[in-house]
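Let me begin by presenting the structure, written as structure tokens, before commenting on it.
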Amino acid sequence: MSTENDGTAVPADPAAPSTPPTPPVPPTPPTTAAEPAPPAAPAAPEPDTDPTQTLPQTEAHPQAQAQAQAQAQTQAHAPTPEPGPAHDAAPTHPQAPIHDAAPTHAQPPAYAQAPAHATAASAGGWPPPPPAVPAWGAPLPPAPPAPEARKRTGGIVAAVLAAALVAGGIGGGIGYWAAERGDNGGFSSTTVSSGDAPASFKRDPGTVAAVAAKALPSVVTIQAKSGGTEGEGGTGTGFVYDQEGHIVTNNHVVASAADGGALSVTFSDGKSYDAEVVGRAEGYDVAVLKLTDAPKGLTPLPLGDSDKVAVGDSTIAIGAPFGLSNTVTTGIISAKNRPVASGDGSGGSNSYMSALQTDASINPGNSGGPLLDASGAVIGINSAIQSTGNGFGQSQAGSIGLGFAIPVNQAKNVAQQLIKTGKPVYPVIGATVNMNSKGAGATIAAQGAGGTAPVTPDGPAAKAGLKAGDVITGFDGHQIDSGPTLISEIWTHKPGDSVKVTYERDGKTATATVTLGERTGDS
């Protein structure tokens, strides 16, 4: 039997008896000679297909039959009612059972036609019609969908999913096309362009960008060419020392152009000026230039106090490494009072400094440039780097994070002397020390240069009681481990300074006070 509704539900008739009579038994279709009558047993419904129970066949009540016939006649003249909601509407094919996702071409089973009185009862009379009973010999209700039908159902789902993916891809393509055309189709964007940044944006004082922006106009790139026919030279850096057009740099930057060569300086705005050497100090590795036609409005860099620098302080180096002008690098003070001896690579005299060590990137071309503190004040002049194979010096090796700068307090004294007289003045102790030994201290040599006395008669060392063979182990509170270290410490002072010296003689330690003398010019 079918488990589906074949008609429109109607409300109960209030005039009908409270207890409905037994539904009539549908007539048995006539049998033919070709088809023998089936046995009188009803077909058992399939449990999974038809959950309703089969009603027993009983004789219909005469009064109910008469009432059903009257209602059937009324229904024949009544207009066809409009279909109700989807769940109440009769199926298009009254004999086709409804199954989920069943193919539309499936053949409906052959069900017996409902009797006329049953139809009349379902039209609004009492009692409600019983479920249709298939005729004897009719096929059973269809089994659940075959695997092939389910496979086709899965294919439909896959097709819907594929269509959704294709539609999504088309939508994404259209969105990209609209974005490229600048038409966002009403969609808003959360990105912020650079034009939305505040126009009054300023970098706080003390930041690297602010310090560099203020210092760069006062830093110059120096081009030095020798006076020879080949015109050899090099590139270095310098900075504006005063408004008169003096430029401070390293001696080894301008040494090749000192005798008949040509010098020019270029500012960060690209303007170039010719320059000449005012004075050079080979031992200090400091030189001063002067612009031959200095522009007005020069801004000297402020000079700091290198004696107050502490290890760990921030540093900013500006220069032209390998010719790349206006390069800014940063780091810290890695150490102080680092004894450094360096040469200019030309076979001239070495220079000595008690240097500031920094890990700011310094390369060939940075020489002579300023080493700034966080406030933008000059605390040193970048002069040397530790290379991987050539020791201290100005070779073309790149930075390995070991850069050295002349303390600005020392460089300032030298620059002032060069501007004043054109010649450097060096403090001395009046004794020749061994420059090769290292580790035990600075030993006063047995004989001076050119056969002279190792200790200058009536000189500072002689007056302090020092003799040949004495090993100086301390100078002004700093440990001395070699001759270059002693020279570096001496040159941090001025002539006339009194300094306490610690030395060893015959295994005994003694101290003396030395008043430094002076020497003018490079010997």
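The distance from the CE atom of M353 to the CZ atom of F404 is 9.0 Å, given to the nearest 0.5 Å. From K308, atom NZ reaches atom CG of N409 across 9.5 Å, with rounding to the nearest 0.5 Å. Expressed to the nearest 0.5 Å, how far NZ of K412 lies from CG of D305 amounts to 7.0 Å. Atom CD1 of I379 is separated from atom CG of D307 by 11.5 Å, given to the nearest 0.5 angstrom. Here CG of L216 is found 4.5 Å from CD1 of I318. Values are rounded to the nearest 0.5 Å. Taken to the nearest 0.5 Å, the CG atom of L371 stands 5.5 Å off from the CD1 atom of I333.
Not one N or O on the side chain of S354 forms a donor-acceptor pair closer than 3.5 Å with the backbone of S488. In terms of modelled atom types and a separation under 3.5 Å, the side chain of S218 and the main chain of V240 share no donor-acceptor contact. Of the possible polar contacts, one joining the T292 side chain to the D274 backbone as a donor-acceptor pair under 3.5 Å is found. Not a single donor-acceptor pair under 3.5 Å links the side chain of N250 to the backbone N or O of H252. Between the side chain of D285 and the main chain of N251, a donor-acceptor pair closer than 3.5 Å is present.
Residues P217 and F267 have side chains not in contact (no heavy-atom distance under 4.5 Å, counting atoms from C-beta outward). V425 places a side-chain heavy atom less than 4.5 Å from the side chain of P495. Between E489 and N337, the closest side-chain pair of non-hydrogen atoms falls below 4.5 Å. Contact of the P460 side chain with the T515 side chain is not registered, since no non-hydrogen atoms from C-beta on lie closer than 4.5 Å. Using a 4.5 Å heavy-atom cutoff, the side chains of I490 and V499 are not in contact. At least one side-chain heavy atom of V219 sits under 4.5 Å from a side-chain heavy atom of T237. Counting heavy atoms from C-beta outward, K494 and L516 have side chains that stay 4.5 Å or more apart. Residues L356 and T358 have side chains not in contact (no heavy-atom distance under 4.5 Å, counting atoms from C-beta outward).
Looking at residues two or more places apart in sequence or on another chain, you find no ring-ring contact (aromatic ring centres under 6.0 Å, His included) involving H478. When the side chain to side chain contact (heavy atoms under 4.5 Å, CB included) test is applied to T421, the partners found at least two apart in sequence or on another chain are Q417, K423. For the ring-ring contact (aromatic ring centres under 6.0 Å, His included) test, no residue two or more places apart in sequence or in another chain qualifies with F239. Residues passing the side chain to side chain contact (heavy atoms under 4.5 Å, CB included) test with K467 are D470, R505, sequence neighbours excluded. Applying the ring-ring contact (aromatic ring centres under 6.0 Å, His included) rule to Y241 yields no partners; only residues at least two apart in sequence or on another chain are considered. Qualifying ring-ring contact (aromatic ring centres under 6.0 Å, His included) partners for Y503, counting only residues two or more places apart in sequence or in other chains: none.
Heavy atoms from other residues, nucleotides or ligands lying under 6.0 Å from CD of Q243 number 12 at most. Dense packing is recorded around NZ of K290, with more than 12 heavy atoms of other residues, nucleotides or ligands lying under 6.0 Å away. Counted within 6.0 Å of CD on Q416, heavy atoms from surrounding residues, nucleotides or ligands total more than 12; the atom is thus considered enclosed. Counted within 6.0 Å of NZ on K336, heavy atoms from surrounding residues, nucleotides or ligands total more than 12; the atom is thus considered enclosed. Within 6.0 Å of CG in D269 there are more than 12 heavy atoms belonging to other residues, nucleotides or ligands.
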Please evaluate residues I429 and L486 with respect to the criterion side-chain contact (heavy atoms from CB on, under 4.5 Å), reporting the C-alpha separation (whole Å), side-chain torsions for both, the decisive distance (0.1 Å), and the verdict. CA-CA 10 Å; I429 62 171; L486 177 61; 4.3 Å; yes

Using the side chain to side chain donor-acceptor pair (under 3.5 Å) rule, take T329 and S361 through it: C-alpha gap first, then chi angles, then the decisive distance, then the call. CA-CA 6 Å; T329 55; S361 183; 5.2 Å; no

Walk me through whether L466 and V455 qualify under side-chain contact (heavy atoms from CB on, under 4.5 Å). CA-CA 8 Å; L466 296 176; V455 177; 5.5 Å; no

For Q223 and T235, run side-chain contact (heavy atoms from CB on, under 4.5 Å): C-alpha distance rounded to whole Å, both residues' side-chain angles, the deciding distance at 0.1 Å, then the answer. CA-CA 5 Å; Q223 295 287 343; T235 302; 3.3 Å; yes

Walk me through it: do V340 and Q357 pass the test side-chain contact (heavy atoms from CB on, under 4.5 Å)? CA-CA 10 Å; V340 174; Q357 179 182 328; over 6 Å; no

Stepwise, does the side chain to side chain donor-acceptor pair (under 3.5 Å) test hold for N366 with N382? CA-CA 7 Å; N366 277 103; N382 301 317; over 6 Å; no

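Taking all atoms of both residues into account, the shortest heavy-atom contact from A445 to P454 is O-CB, 2.9 Å. Shown here for A210 and P205, the closest heavy-atom pair between the two residues is CB-CA, 4.2 Å. Residues G483 and V433 approach most closely at CA-CG2, 4.1 Å, considering heavy atoms. Minimum heavy-atom separation, V277 to A258: CG2-CA, 4.5 Å. When all heavy atoms are compared, the tightest approach of A464 to T513 is CB-O, 3.5 Å. Taking each heavy atom of S367 and T249 in turn, the nearest pair found is O-OG1, 4.2 Å.
With T330 as the fixed residue, the side chain to side chain contact (heavy atoms under 4.5 Å, CB included) test singles out one of I316, V211, L372, D359: I316.
Using bins of under 30°, 30° to 60° and over 60° for the plane-to-plane angle, the ring pair Y284/Y426 lands in the parallel bin.
Judged purely by distance below 3.5 Å, without hydrogens or angles, the side chains of T511 and T502 never pair a donor atom with an acceptor atom.
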